Amino acid sequence: MQIGYKLAAEAFGPAELVRQAVLAEQAGFDFVEISDHYHPWLDNQGHSPFAWTVLGSIAAKTSRIGLATGVTCPTVRYHPAIVAQAAATLALLSEGRFVLGVGSGERLNEHVVGVGFPDAVSTRHEMLREALEIIRLLWSGGYRSYDGKHLRLEDARVFDLPEEPPLIAVAASGGASTRIAAELGDGLFATEDKPEIVRQYREAGGDGPCYAEVPMAWAPDERTAAKAALDTSRWAVTGWKVMSELPNPVNFDAATSTVREEDILEKFACGTDPARYVAVARQFVDAGFDRLVMQNAGPDPDGFIDFYQRELAGRIAGLKPSGDRA
């Protein structure tokens, strides 16, 4: 089991994200994970810096903690050749601490370059497969070309490659995407505590680590925490089918106008009771995930990191699936 800290790039500016990553390393987290967005989910979150620049700065200011994208879409806003180069460079700068999390993308971020974001999920999956094939091809060295149904590569070479390529964790939510993760990735990434996601990944031959984001909101009392999460993170209760489709923060604002504090309290661990945090984390452990990302939607990141270090680290890192308890 490894425990990560989510860098909420939609809620904080770049310098603050770097500061939090340094603090997370000091607190004993195994890795930090950052979303790779162009827009925030909601306008009142107010931020969305370039993830790769932030990660480079974190690599320079830390020495132990792992780094991960959660996740990058390597098909529309970026060509996979650029992602292959960026990931290789970050792997070198971090001395092997980087994990490339990839997925089929969200309209929120990919539509901005004006070439269109496919309506059909099957097309997005085809594009992701081709992108992963291109990234693997470039990481094998030499000049490479590729002629796919959706993506092409012409006489490209990544000159600076690490001795060992970064692990690739592929985001999945159902059968088709879990097969891509098993066939072309080294690990799985998910945002929901559904056992069938890990089961389908394993049945398809996937044997890598399984990453998941655990919804939390720390504040000195439960209601303050829930109100903060409702204000900035109510999009998290909509599910992936909604999250992947809406084009702008204003659409997420409208789509989540009926979300209540009670809905947040049902999904998130809120307040200061360690037992509630452990119970929410256990749902993901029981679903088969072994890389848990603490996703704090509360108003005080320093307070959350201190709370994690004092009250949660040992309890969550020591969790085992319910059927495996001694």
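Predicted model only: the values in this text are computed from it and were never measured.
- Expressed to the nearest 0.5 Å, how far CZ of R199 lies from CD of E196 amounts to 6.5 Å.
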Starting from the C-alpha separation in whole Å, work towards a yes-or-no answer on side chain to side chain contact (heavy atoms under 4.5 Å, CB included) for M1 and V285.
CA-CA 9 Å; M1 179 75 69; V285 174; 3.5 Å; yes
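- Every residue two or more places apart in sequence or in another chain that forms a side chain to side chain contact (heavy atoms under 4.5 Å, CB included) with S145 is listed here: D155.
- The CZ atom of F289 sits 11.0 Å away from atom OH of Y201, with the distance rounded to the nearest 0.5 Å.
- A salt bridge links R107 and D119; the closest N-O separation between the charged side-chain nitrogens and carboxylate oxygens is under 4.0 Å.
- The side-chain heavy atoms of I58 and L7, taken from C-beta on, include a pair separated by under 4.5 Å.
- Between K149 and E130 there is no salt bridge, since no side-chain N of the basic residue sits under 4.0 Å from a carboxylate O of the acidic one.
- Separation of atoms OG1 (T191) and CZ (F284) is listed at 8.0 Å; rounding is to 0.5 Å.
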Taking it one step at a time, do Y277 and E311 satisfy side chain to side chain contact (heavy atoms under 4.5 Å, CB included)?
CA-CA 10 Å; Y277 286 80; E311 302 287 351; over 6 Å; no
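- Proximity of W139 to P166: side-chain heavy atoms (C-beta onward) are separated by under 4.5 Å at one or more points.
- Evaluation of the salt bridge (Lys or Arg N to Asp or Glu O under 4.0 Å) rule for E192 yields K194 as partners, not counting sequence neighbours.
- Pairs of residues two or more places apart, or lying in two chains, that qualify as ring pair (Phe, Tyr, Trp, His ring centres under 6.0 Å) and include a residue from residues 12-32 are Y5-F29, F29-Y308, F31-Y211.
- A salt bridge links E16 and R19; the closest N-O separation between the charged side-chain nitrogens and carboxylate oxygens is under 4.0 Å.
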Contacts table for residues 89-101: side-chain donor-acceptor under 3.5 angstrom, sequence neighbours left out:
{"unit_1": "T89", "atom_1": "OG1", "unit_2": "Q85", "atom_2": "O", "d": "3.0"}
{"unit_1": "S94", "atom_1": "OG", "unit_2": "L90", "atom_2": "O", "d": "2.8"}
{"unit_1": "S94", "atom_1": "OG", "unit_2": "A91", "atom_2": "O", "d": "3.4"}
{"unit_1": "S94", "atom_1": "OG", "unit_2": "R97", "atom_2": "N", "d": "3.2"}
{"unit_1": "R97", "atom_1": "NE", "unit_2": "S94", "atom_2": "O", "d": "2.9"}
{"unit_1": "R97", "atom_1": "NH1", "unit_2": "T62", "atom_2": "OG1", "d": "2.9"}
{"unit_1": "R97", "atom_1": "NH1", "unit_2": "I65", "atom_2": "O", "d": "2.8"}
{"unit_1": "R97", "atom_1": "NH2", "unit_2": "A59", "atom_2": "O", "d": "3.1"}
{"unit_1": "R97", "atom_1": "NH2", "unit_2": "T62", "atom_2": "O", "d": "3.2"}

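- D36 places no side-chain N or O within donor-acceptor distance of the main-chain N or O of A51, the cut-off being under 3.5 Å.
- Under the rule for a ring-ring contact (aromatic ring centres under 6.0 Å, His included), the partners of W235 that lie at least two apart in sequence or sit in another chain are W41.
- With V83 as the partner, the side-chain contact (heavy atoms from CB on, under 4.5 Å) test is satisfied by one option alone out of I135, L138, L132: I135.
- One N or O on the side chain of E110 and one on the backbone of R77 form a donor-acceptor pair closer than 3.5 Å.
- Listed by chain and number, the residues in a side chain to side chain contact (heavy atoms under 4.5 Å, CB included) with D43 are P249 (sequence neighbours excluded).
- Salt-bridge check for K61 with E25: failed, with every basic side-chain N at 4.0 Å or more from each acidic carboxylate O.
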For R124 and S104: C-alpha separation, side-chain torsions, deciding distance, then whether side chain to side chain donor-acceptor pair (under 3.5 Å) applies.
CA-CA 6 Å; R124 299 175 202 173; S104 58; 5.8 Å; no
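- A 4.5 Å side-chain heavy-atom check between H125 and V121 finds at least one atom pair inside the cut-off.
- The shortest non-hydrogen separation linking R276 to L265 is NH2-O, 2.9 Å.
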